[in-house]
Structure formats: C-alpha cells, structure tokens
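Here is the structure we will look at, set down as structure tokens.
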Amino acid sequence: MREQIMASLKDAMKAGDKLKVETLRMVTSALKNRDIELRAEGKTVSAEEELALLQKLVKSRGESLDMYEKAGRQDLADKEKAEIAIIKAFLPEELGPAETEAAIKAAIAETGAASMKDMGKVIAALRAKYTGRMDFAKVSGLVKAALAG
C-alpha cells in the first residue's frame, strides 16, 4: 500500500495537484509516525494497522466535514470531501449492507456466539477478516441486535 501511496504522490507532484500532494504527504506522515511508535515496542506496522490508520484518517475528515457544513463553511467542507476521496482510493471497497449482515451471521455461527457476552468474540472475528472493509462503530450495533434478537 505504501508503494501505491508513494507512486500516487509522485504522480500528483508531477501533475501539480496541490491538494492531492498535501493529503498524501499527511497520510505518509501518519504512517511514519505509527512506524516510530511501534518501533519503540519492537514491532512493525501490519497491513491491517495501515488500513485501520487510513480509516481513522477518513473518519476524522468526516467529522471535520460535518462541523464545517454545520458552520456554513462550504469551502472547507469541499476540501475535506476531496481529502476523503483521495484517502478512500487506497482503502478496499466497503461491504454493502447485505454483505455486512451475511458476514455478521457467519461470524456468529463461526464463534458459536449465543449471547451479548460473546460480542467481543464476534467483533474480533470480523476484524480479523474485514479490517478496512467495515465501519466497526456501525457494525457493533448490528452485532448487538443480531445477538439480542
């Protein structure tokens, strides 16, 4: 993924796309910072952690987008939308509602979850298979509903 990001950064620099260059530099900076944090622990950044970091960046941009739209700052909101689109280009496609529901049912069956006590097992199984393809803040509510119902 980093190679893709660096290649896109070079292309954006050659094309003179300032916003894309800015955004990709921010992404590479966040990845390098995570490398440094983990290096102190003697670990390296896994592909799943890279995806999670990109999702976190998208989420923070989304929160900023909401604030800017509520404040009537369309210029800043447009910039956030563009940054989200640039970052999302490196994330795998998110699962649709039907696919998410099927994945939750499969994870519940796979883990043998029978009650709310088993929610952690189900979420862990989903994270192992679908990191970068699900919004786990939304999925946790769906898992609760599936286990309760």
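Positions are given from 1 along the sequence. What you see is a predicted model, and the numbers here were worked out from it, not measured in a lab.
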Of all heavy-atom pairs between [X] and [Y], which one has the smallest distance, and what is that distance?
{"X": "Ala103", "Y": "Leu126", "value": "O-CD2, 3.6 Å"}
{"X": "Ala107", "Y": "Val122", "value": "CB-CG1, 4.0 Å"}
{"X": "Met119", "Y": "Leu147", "value": "CA-CD1, 3.7 Å"}
{"X": "Ile108", "Y": "Ala146", "value": "CD1-CB, 3.7 Å"}
{"X": "Lys129", "Y": "Glu110", "value": "NZ-OE1, 2.6 Å"}
{"X": "Leu9", "Y": "Arg25", "value": "CD1-CG, 4.0 Å"}

Verify the neighbour count for atom [atom1] of [X]: are there more than 12 heavy atoms of other residues, nucleotides or ligands below 6.0 Å?
{"X": "Glu41", "atom1": "CD", "result": "yes"}
{"X": "Glu3", "atom1": "CD", "result": "no"}
{"X": "Lys121", "atom1": "NZ", "result": "no"}

Looking at [Y], is its backbone amide N or carbonyl O close enough to the side chain of [X] to form a donor-acceptor pair, meaning the two atoms are under 3.5 Å apart?
{"X": "Ser8", "Y": "Gln4", "value": "yes"}
{"X": "Arg39", "Y": "Thr44", "value": "no"}
{"X": "Glu101", "Y": "Leu142", "value": "no"}

Taking C-beta and beyond as the side chain, do [X] and [Y] meet within less than 4.5 Å on heavy atoms?
{"X": "Thr111", "Y": "Asp118", "answer": "no"}
{"X": "Asp35", "Y": "Arg2", "answer": "yes"}
{"X": "Leu51", "Y": "Met1", "answer": "yes"}

request  = Please report the C-alpha distance between Leu38 and Glu49 in whole Å, then the side-chain angles of each, then the deciding distance to 0.1 Å, and finally whether the side chain to side chain contact (heavy atoms under 4.5 Å, CB included) criterion is met.
outcome  = CA-CA 11 Å; Leu38 290 178; Glu49 288 174 324; 3.4 Å; yes
Under 4.5 Å between side-chain heavy atoms, counting indirect links through other Ile/Leu/Val/Met/Phe/Trp/Tyr residues: same cluster for [X] and [Y] or not?
{"X": "Met67", "Y": "Leu65", "answer": "no"}
{"X": "Met134", "Y": "Leu57", "answer": "no"}
{"X": "Leu95", "Y": "Ile123", "answer": "yes"}
{"X": "Leu91", "Y": "Tyr130", "answer": "no"}

message = Applying side chain to side chain contact (heavy atoms under 4.5 Å, CB included) to Val58 and Leu54, what does each step give before you reach the verdict?
response = CA-CA 6 Å; Val58 168; Leu54 290 182; 5.6 Å; no
Lys81/Glu69 ion pair, N-O < 4.0 Å = yes
request  = Please determine if Glu22 and Lys79 form a salt bridge, counting it only when a charged side-chain N lies under 4.0 Å from a carboxylate O.
outcome  = yes
query = Would you say the side chains of Glu37 and Asn33 form a donor-acceptor pair under 3.5 Å?
reply = no
key: Rounded distance (nearest 0.5 Å) linking atom OG1 of Thr23 with atom CG of Leu19   = 4.0 Å
request  = Could you check Val27 against Ile86 for side chain to side chain contact (heavy atoms under 4.5 Å, CB included), going step by step and ending with a plain yes or no?
outcome  = CA-CA 10 Å; Val27 169; Ile86 291 166; over 6 Å; no
ask   = Going through the checks in order, is the side chain to side chain contact (heavy atoms under 4.5 Å, CB included) test met by Ile87 and Met26?
value = CA-CA 10 Å; Ile87 297 168; Met26 180 264 310; 3.9 Å; yes
